[in-house]
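Below: one structure, written as structure tokens.
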Amino acid sequence: MEIIRTVAELKAKLDTARKSGSVGLVPTMGALHAGHLSLIERARRENDFVVVSVFVNPTQFNNPTDLATYPRTEEADCELMRSAGVDVAFIPSVEEIYPQKDTRVFDLGPVAEVMEGAMRPGHFNGVAQIVSKLFDFTRPTRAYFGEKDFQQIAVIRRMVEIEGFDLEIVDCPIKREADGLAMSSRNVRLSAEQRAIAPAIHRTLEGSLSWARDHSVEQTKRYVIDELNSLPHLQVEYYEIVDALSMQPITDWAESESPVGCATVFCGEVRLIDNIKYPARK
């Protein structure tokens, strides 16, 4: 595996690699875990050349404390990438990515205005800034993203449409710990007591599947929120049931062929996200 830290070197390397076949990109913010490895493994299966970016992007953080405390584990990340057969690890500095301030504002539309977009102003514009730069630097055949960040995938698809990138966005299933907790780099910040209660997020979402059969969208939302808020350390920031394509909240099950429940829950001071897919109803 080659570690590359400059855009110029990355572009030169991938210009050569692209002549021999397909390029798969896995964008990450580091602190890699088995969830990231599942994306890398799929990219490895489906492409001739795999590049993984490791960059904690400052423009998508609207909370300076969250940016400062985001885990950074470059040495361990490189070991994992080598073991997974990554060809190039792109690990740039902030100055390399943003030699000048990025002032671009993307017209991301309704998919970026709800849930995370409402709670974290500017977050998705920052995501669009960094992902568009990575796509421009690498010009991949395919790019891989985990479904834990469900809304983010919709935003990236919208950005691809706006910018006219010629690539395939591949969304991959959530990777979970044995107790159901969605894998996240933030999980390492949980205390032992918080880590023990955090899997209740997924258990509650799963429990809502049977509840939803006999209850309305609003009643199902209330069930999830009340169940989670009744537990120690957990506080729901939002729980929305939305259409998987538009990301817009629904009020009746019949409004969507693919309803998804999206949750953001604070476990102590750690902000965790998860989601669940509900069956379509006629």
Side-chain angles (χ1 to χ4, degrees), residues 28-36 56-73 111-127 145-155 174-209 211-212 217-242 247 249 260-278:
T28 83
M29 292 206 299
L32 302 185
H33 50 67
H36 296 108
V56 181
N57 175 42
T59 72
Q60 71 189 66
F61 286 84
N62 57 346
N63 182 338
T65 302
D66 198 18
L67 173 60
T69 58
Y70 199 88
R72 293 160 171 83
T73 56
V111 296
E113 293 169 0
V114 297
M115 298 188 294
E116 292 295 282
M119 294 296 175
R120 304 175 68 188
H123 167 67
F124 282 133
N125 196 73
V127 170
F145 298 89
E147 285 188 340
K148 180 173 71 69
D149 298 294
F150 198 85
Q151 186 179 8
Q152 178 176 277
I153 295 174
V155 168
I174 298 173
K175 191 80 172 174
R176 298 187 180 277
E177 304 286 358
D179 56 12
L181 178 63
M183 290 185 177
S184 169
S185 300
R186 288 183 168 88
N187 292 350
V188 298
R189 294 175 52 202
L190 298 170
S191 69
E193 194 175 350
Q194 291 165 349
R195 177 62 186 81
I197 200 69
I201 299 171
H202 179 57
R203 286 199 303 271
T204 302
L205 293 181
E206 282 201 313
S208 75
L209 292 174
W211 173 270
V217 170
E218 188 58 37
Q219 288 169 331
T220 303
K221 286 167 56 179
R222 180 46 53 193
Y223 164 84
V224 169
I225 292 169
D226 289 348
E227 285 287 309
L228 290 175
N229 283 345
S230 71
L231 296 169
H233 301 293
L234 299 185
Q235 181 64 47
V236 176
E237 184 175 48
Y238 67 78
Y239 184 62
E240 282 290 354
I241 299 175
V242 303
M247 289 293 118
V260 179
C262 297
T264 294
V265 183
F266 279 96
C267 187
E269 295 183 355
V270 183
R271 192 172 184 270
L272 302 177
I273 64 174
D274 205 340
N275 59 74
I276 193 111
K277 296 176 182 178
Y278 292 99

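Index from 1, following the sequence.
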Between Ser185 and Ala31, the two heavy atoms sitting closest are OG-O, 3.0 Å

Show the nearest heavy-atom pair for residues Met247 and Ala154, with the distance to one decimal.
CG-CB, 3.8 Å

Does the side chain of Val188 reach to within under 4.5 Å of the side chain of Thr73, using non-hydrogen atoms?
no

How about Gln235 and Val265: do any of their side-chain heavy atoms sit closer than 4.5 Å?
no

Would you call Arg176 and Asp274 a side-chain contact if the rule is heavy atoms closer than 4.5 Å?
yes

Rounded to the nearest 0.5 Å, how far apart are CD1 of Ile201 and CD of Glu206?
13.0 Å

Step through the shown structure and confirm whether more than 12 heavy atoms of other residues, nucleotides or ligands are within 6.0 Å of CD on Glu193.
no

What closest approach, in Å, do Ala263 and Tyr239 show between heavy atoms, and which atom pair accounts for it?
CB-CD1, 3.5 Å

The test is salt bridge (charged side-chain N to carboxylate O under 4.0 Å, His left out); show your working for Arg203 and Asp179 and say whether it passes.
CA-CA 9 Å; Arg203 286 199 303 271; Asp179 56 12; over 6 Å; no

Kindly check if the number of other-residue, nucleotide or ligand heavy atoms within 6.0 Å of CD (Glu113) is above 12?
yes

Lys277 versus Phe150: any side-chain heavy-atom pair under 4.5 Å?
yes

Please report the interatomic distance OG1(Thr28) to CZ(Phe145), rounded to the nearest 0.5 Å.
10.5 Å

Working note: Ser208 + Tyr278, criterion side chain to side chain donor-acceptor pair (under 3.5 Å); need CA distance, chi angles, decisive distance, verdict.
CA-CA 9 Å; Ser208 75; Tyr278 292 99; 2.7 Å; yes

Nearest 0.5 Å, please: how far is CZ in Arg120 from CG in Asp66?
6.0 Å

Quick check against the 3.5 Å criterion: does His36 have a side-chain atom that pairs as donor or acceptor with the backbone of His33?
yes

Could you walk me through whether Lys221 and Asp226 pass the salt bridge (charged side-chain N to carboxylate O under 4.0 Å, His left out) test, one step at a time?
CA-CA 9 Å; Lys221 286 167 56 179; Asp226 289 348; over 6 Å; no

I'd like to check Ile276 versus Val260 (side-chain heavy atoms, cut-off strictly below 4.5 Å). Are they in contact?
no

For the OG1 atom of Thr264 and the CE atom of Met119, what is their distance to the nearest 0.5 Å?
8.0 Å

Would a distance-only check, ignoring hydrogens and angles, find a side-chain to backbone donor-acceptor pair under 3.5 Å from Asn187 to Leu181?
no

Residue that, paired with Ser184, satisfies side-chain contact (heavy atoms from CB on, under 4.5 Å) out of Lys175, Arg189, Lys148, Arg271:
Lys148

Please round to the nearest 0.5 Å and tell me the distance separating atom CD of Glu116 and atom CZ of Phe124.
5.5 Å

Nearest 0.5 Å, please: how far is CE in Met29 from CZ in Arg186?
6.0 Å

Side chain to side chain contact (heavy atoms under 4.5 Å, CB included) between Val56 and Leu67, worked out:
CA-CA 8 Å; Val56 181; Leu67 173 60; 3.7 Å; yes

Using atom types as modelled and distance alone, determine if a side-chain donor or acceptor of Gln194 lies under 3.5 Å from a backbone N or O of Ser191.
yes

Measure the acute angle between the ring planes of Tyr70 and Phe61, then classify it against the limits of 30° and 60° as parallel, tilted or perpendicular.
perpendicular

Less than 4.5 Å apart, any side-chain heavy atom of Ile241 and any of Pro249?
no

Tell me the closest heavy-atom pair linking Glu147 and Ile153, and the distance in Å.
CA-CD1, 3.9 Å

Can you name the closest pair of heavy atoms from Cys262 and Met115 and give their distance?
CB-SD, 3.5 Å

Looking only at heavy atoms, which two atoms of Val111 and Gln151 are closest? And how far apart?
O-NE2, 2.8 Å

